[in-house]
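Scroll down for the structure; my scribbles are underneath it.
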Amino acid sequence: MARRSFIAIVGHGPDLERDEGAASVLRSLGADVRTLDLWDDPPRLFVDDESKARAIVVEALDRPDLAAAALRALRREPRLEEVGALVAVSVAQIARVEPSSGFDDFLLVPYVPAELYARVRLVEWRRSEFATEERVKVGAIVIDRAAHDVSVGGMHVPLTAKEFALLSYVCERRGKVVSRTELLRRVWGSQYEGGARTVDIHVRRLRAKLGAALPLVTLRGAGYRLESPVPGSGGPEGGDAARAAQRGGAGAEALEERGEPRDERDEDEDEDEDSDDEGDEDSDDEDDDEREATARAERRSATSSSGTATPGRERRITR
């Protein structure tokens, strides 16, 4: 049996059913709507176990200070924790809406019916997650397997073949720990002879390109786990991932070549220590060889200059 989805309208009881209110407007557009007084218990929205909230609209109107408190109470209901929320306020009160209040978007009263429904659908899309044979969506990240394309908030993000395969696999395993050995086997193949450091390098590149839209955490001694995305991260308005996409893949690769700064999440719990030591020793040896070669070239240049330029100056002084 399919789960019934509804839009929750929360506000001052006597005003919820007014003709120009969100509940009436959305019902006229064909949406299933349920209302809740600001002071009622959130579980009252769920009249059966098969229902599911699509979005929440808190009608704060001239009291935006009550909206944040109402949202905190709604979030204490497990079935509403991940549902997108909008706050509706009058034009005179829009400046009092705090960005930190937890709402995904805002609406101005009086409503424009088409805008009201469009914003509900937008916040529903941002919060939705799905996985099919062709497409996977986790937060703002959409992976199109058929087109071999990745976008964040609707903006294309260029990835290499291995980065694409790695991202696809960790998104499929959302919420589960995946070890470096498992990633090497499933992404690079059982015949690959490289070490775990390869995985760490590709993870850092993905973090650089996708930014906050990719909540991939490192678990010391275990591997990686993709957690729930941060609301609003990498959305259509921009964010780290969007700016990385604007710079393009070349920008991220350039960061790698220049020595990309380590992700804070990797400071104490990053790669296997043995693989780190081996990689550091190899890079140190290469750096030493380059410095020695540079020093020899400078000495030869200095010797050549002292053997030709100085006598020339002396001859000019003599004449």
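Sequence positions, counted from 1, serve as the residue numbers for this chain. Below, each value reflects all heavy atoms present in this structure, side chains not excepted, and no hydrogens, waters or symmetry copies. Predicted, not measured: the structure shown is a model, and the values here were computed from it.
A cation-pi arrangement is not found for Arg54 relative to Phe6, the charged atom failing to lie both closer than 6.0 Å to the ring centre and inside a 45° cone about the ring normal.
Contact annotation: the side chain of Val203 never approaches that of Val170 to less than 4.5 Å [non-hydrogen atoms, C-beta and beyond]. Using a 4.5 Å heavy-atom threshold, the side chains of Arg135 and Ile143 count as separate. Contact check for Tyr169 versus Glu182: side-chain heavy atoms found under the 4.5 Å cut-off. Residues Asp32 and Ser5 fail the side-chain proximity criterion, which asks for heavy atoms closer than 4.5 Å. Looking at heavy atoms from C-beta onward, Ile56 lies out of side-chain contact with Phe103 at the 4.5 angstrom threshold. Contact check for Leu159 versus Lys209: side-chain heavy atoms found under the 4.5 Å cut-off. No side-chain heavy atom of Ser168 sits under 4.5 Å from any side-chain heavy atom of Val136. Using a 4.5 Å heavy-atom cutoff, the side chains of Val142 and Val150 are not in contact.
The salt bridge (charged side-chain N to carboxylate O under 4.0 Å, His left out) test with Arg79 singles out one residue from Glu81, Glu77, Glu82, and that residue is Glu77. Between Leu16 and the choices Val33, Val10, Ile9, Leu38, the side chain to side chain contact (heavy atoms under 4.5 Å, CB included) rule is met once, by Ile9.
Distance alone, capped at 3.5 Å, places no donor-acceptor pair between the Arg180 side chain and the Gly221 backbone. Proximity of a side-chain donor or acceptor of Asp41 to a complementary backbone N or O of Pro43 within less than 3.5 Å is not detected.
Other residues, nucleotides and ligands place no more than 12 heavy atoms under 6.0 Å from the CZ atom of Arg186.
Taken to the nearest 0.5 Å, the CZ atom of Arg63 stands 12.0 Å off from the OG atom of Ser90. Distance CZ/Arg34 to OG/Ser51: 4.0 Å, rounded to 0.5 Å. Here Thr198 contributes atom OG1 and Lys162 contributes atom NZ; the two are 10.5 Å apart, rounded to the nearest 0.5 Å. Leu80 contributes atom CG, which lies 6.5 Å from atom CG of Leu45 (distance to the nearest 0.5 angstrom). Between the CG atom of Leu167 and the NE2 atom of His202 there is a distance of 12.5 Å, given to the nearest 0.5 Å.
Minimum heavy-atom separation, Pro64 to Leu61: CD-O, 4.3 Å. Listed here is the closest heavy atom pair of Asp200 and Tyr224: OD1-OH, 2.5 Å. The two residues Val89 and Ala60 come nearest to each other via the heavy atoms CG1-CB, 3.9 Å. Of all heavy-atom pairs between Leu214 and Arg207, the closest is CD2-N, 4.3 Å. Between Phe164 and Asp144 the shortest heavy-atom distance is CZ-O, 3.8 Å. Between Arg18 and Asp15, the shortest heavy-atom contact is NH1-O, 2.7 Å.
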| field | Residue pair Arg96, Asp65: steps toward the side-chain contact (heavy atoms from CB on, under 4.5 Å) verdict | value | CA-CA 8 Å; Arg96 295 181 59 193; Asp65 55 316; 3.9 Å; yes
| Residue pair Arg225, Glu227: steps toward the salt bridge (charged side-chain N to carboxylate O under 4.0 Å, His left out) verdict | CA-CA 6 Å; Arg225 182 180 65 230; Glu227 297 187 336; 2.8 Å; yes
| said: For Lys137 and Ile141: C-alpha separation, side-chain torsions, deciding distance, then whether side-chain contact (heavy atoms from CB on, under 4.5 Å) applies. | reply: CA-CA 6 Å; Lys137 183 177 184 294; Ile141 301 173; over 6 Å; no
| said: Working note: Val138 + Leu226, criterion side-chain contact (heavy atoms from CB on, under 4.5 Å); need CA distance, chi angles, decisive distance, verdict. | reply: CA-CA 10 Å; Val138 176; Leu226 186 65; 4.2 Å; yes
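Donor-acceptor pairing under 3.5 Å is lacking for the side chains of Asp19 and Ser24.
Hydrophobic clustering (side-chain heavy atoms under 4.5 Å, transitive across Ile, Leu, Val, Met, Phe, Trp, Tyr) keeps Val97 apart from Leu86. Cluster annotation: Leu74 and Val123 are assigned to distinct hydrophobic clusters (Ile/Leu/Val/Met/Phe/Trp/Tyr, side-chain heavy-atom contacts under 4.5 Å, transitive). At a threshold of 4.5 Å between side-chain heavy atoms, the hydrophobic network of Ile, Leu, Val, Met, Phe, Trp and Tyr places Phe46 and Leu71 in one connected group. Criterion: ILVMFWY side-chain heavy atoms under 4.5 Å apart, direct or through other members. Under it, Val25 and Val87 are not part of a common hydrophobic cluster. Hydrophobic clustering (side-chain heavy atoms under 4.5 Å, transitive across Ile, Leu, Val, Met, Phe, Trp, Tyr) keeps Ile7 apart from Val83.
Ring to ring, Trp39 and His12 are not that close: their centroids are 6.0 angstrom or more apart.
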Please set out all donor-acceptor pairs under 3.5 angstrom arising from side-chain atoms of residues 105-122, sequence neighbours excluded.
residue, atom, partner, partner atom, Å
Asp105, OD1, Arg119, NH1, 3.1
Asp105, OD2, Arg119, NH1, 2.9
Tyr111, OH, Glu59, OE2, 2.6
Glu115, OE2, Arg119, NE, 2.9
Glu115, OE2, Arg119, NH2, 3.2

